Amino acid sequence: MGDETNYGFATRSVHAGAEPDPTTGARSIPITQSTAFVFKDADHAAALFGLEQTGFIYSRLTNPTVSAFQARVANLEGGVGGTCTASGHSAQMLALFALMNPGDEFVASNKLYGGSITQFGHSFKKFGWNVVFVDPVDPENFRKAITAKTKAVFTESLANPGGVVCDIEAIANIAHEAGVPCIVDNTLPSPALCRPIEFGADIIVHSTTKFISGHGNAMGGAVVDSGNFDWSQNDKFKGLTENCEAYHGLNFYETFGPMAYTVYCHAVGLRDLGPAMSPMNAYLSITGAETLPLRMQKHADNALAVAQWLQQNDAVNWVSYAGLADSPFYSLAQKYCPKGAGAVFTFGVKGGYKVGMGVVDNCKLFSHLANIGDTRSLIIHPASTTHRQLTEEQQISAGAGPDVVRLSIGIEDAEDIIADLDQALQKAS
Ligand SMILES: *Cc1c(COP(=O)(O)O)cnc(C)c1O
């Protein structure tokens, strides 16, 4: 599509990373359902394996359909390169794998997706990666928790489910003063509503399972590098700046410059950990990404209408949507997500745990399930489901206490979504 940087966001959502197929002329990206790719000759094979040329070897490393999708996500975020993975969780693992060694630390927001808190706090410990959780509402908390062993700072742009908007610029500045990158999980707003790299974030991770693919039919994750972080500024990132034994002494930083991190994520991360995205899921996600700006605007407009309606409802104690003018995060939302504060938010019912579960049980249009970012409206009671593994203290600090109901507002008609909540609240209360 020529010089992609000159096109607007909607144009890039449709075109970035996707040329017509050079052999068949197919206009839609073909699903390249092939495990491996034939080499032109022995020199070609050797050059590919030695990372002297880019090309396709084996679909655990790269695949044409997956490549097209990762180029699109990287373009939409304003990064230089991307790596797609089987899920959002594996994207988080890969993003940190390039930076961390056993005994290292990273500082993470305590207002994260519940699965991320469990992944960071329990499973990553087995790798010797130690997380320190802090409240992101005061960015200074990150500074206080950084030590000589810290290799990264991790936060969500919009936090699920607490309705928290993080001050990305302040958090990124603190990370940079300590010589470490700021990693932002941008799943909730998607790049259509929030572009953290423009505010100093260095690495973006996504669960593309959610809004980017957008139709609740394809698991996936992505890691995008801004290309702005200088890995050689200190000796913290030896995996990138020292010669790599497994590639005959190749030095990623010297060889690939701003692409060093992305090449590492493929050539070491995907190669050795193995969470590759399937071509079919890449295809579904590319198709989804084409309508991302249209869908996100509708999601966000509907969410605001529903949040305003809930706020007036007698059965509801509070609504935590950052797009509401009385939200403590309203001004941060105006700065970071001026087109809308996303579609996922929580509200608190009068009557606590039982009423919360009752609302979920009585909804008809809403689907009761553990996902967000579908075209359909979704509902769940986090304390009894997604955040069940956490202690009550952790639940409350993550915005998932007993009275909390979480919504992911779809792209149906706002009146129908509101009518469904209205009848469910009446029955449950
Ligand atoms: C769902 C989600 C994840 C995990 O992604 P999966 O694709 O389910 O592995 C991480 N972060 C956020 C904000 C999410 O919503």
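Note that ligands are numbered from 1 as they come in the structure, with each ligand's atoms numbered from 1 the same way. Quantities reported herein were computed from a predicted structural model and do not represent experimental measurements.
Residue S278 holds its OG atom at 8.0 Å from CG of L284, rounded to the nearest 0.5 Å.
Evaluated by nearest non-hydrogen atom to atom 14 (C) of ligand 1, the leading choice among H89, K210, M93, Q119 is K210.
Between N173 and E177, the side chains place no donor N or O within less than 3.5 Å of an acceptor N or O (distance only, hydrogens not considered). For the 3.5 Å distance criterion, the side chains of T32 and S34 fail to qualify, holding no donor opposite an acceptor. Side-chain N/O atoms of W318 and D403 include a donor and acceptor closer than 3.5 Å.
Listed by atom number, the atoms of ligand 1 under 4.0 Å from I372 heavy atoms are 15 (O). Atoms of ligand 1 lying under 4.0 Å from any heavy atom of S87, numbered from 1 in the order shown and given with element: 7 (O), 9 (O). With ligand atoms numbered from 1 in the order given, ligand 1 contributes 7 (O), 8 (O) to contacts under 4.0 Å with heavy atoms of M219. Residue contact check: G220 has heavy atoms under 4.0 Å from atoms 7 (O) of ligand 1. Set against the non-hydrogen atoms of Q92, the atoms of ligand 1 under 4.0 Å away are 10 (C), 11 (N).
Residue contacts with ligand 1: G88 is placed with a nitrogen or oxygen under 3.5 Å of a nitrogen or oxygen of the ligand (distance criterion only). Ligand 1 has an N or O atom lying under 3.5 Å from an N or O atom of T209, backbone or side chain.
The shortest separation from a heavy atom of A159 to ligand 1 is not under 4.0 Å, leaving the residue out of contact. The shortest separation from a heavy atom of H206 to ligand 1 is not under 4.0 Å, leaving the residue out of contact.
Residues G410 and I417 approach most closely at O-CD1, 4.2 Å, considering heavy atoms.
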Between L94 and L270, does a side-chain contact (heavy atoms from CB on, under 4.5 Å) hold up when you go through it step by step?
CA-CA 8 Å; L94 227 65; L270 284 177; 3.9 Å; yes

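Side-chain atoms of R12 come within 3.5 Å of backbone N or O of Y7 as a donor-acceptor pair.
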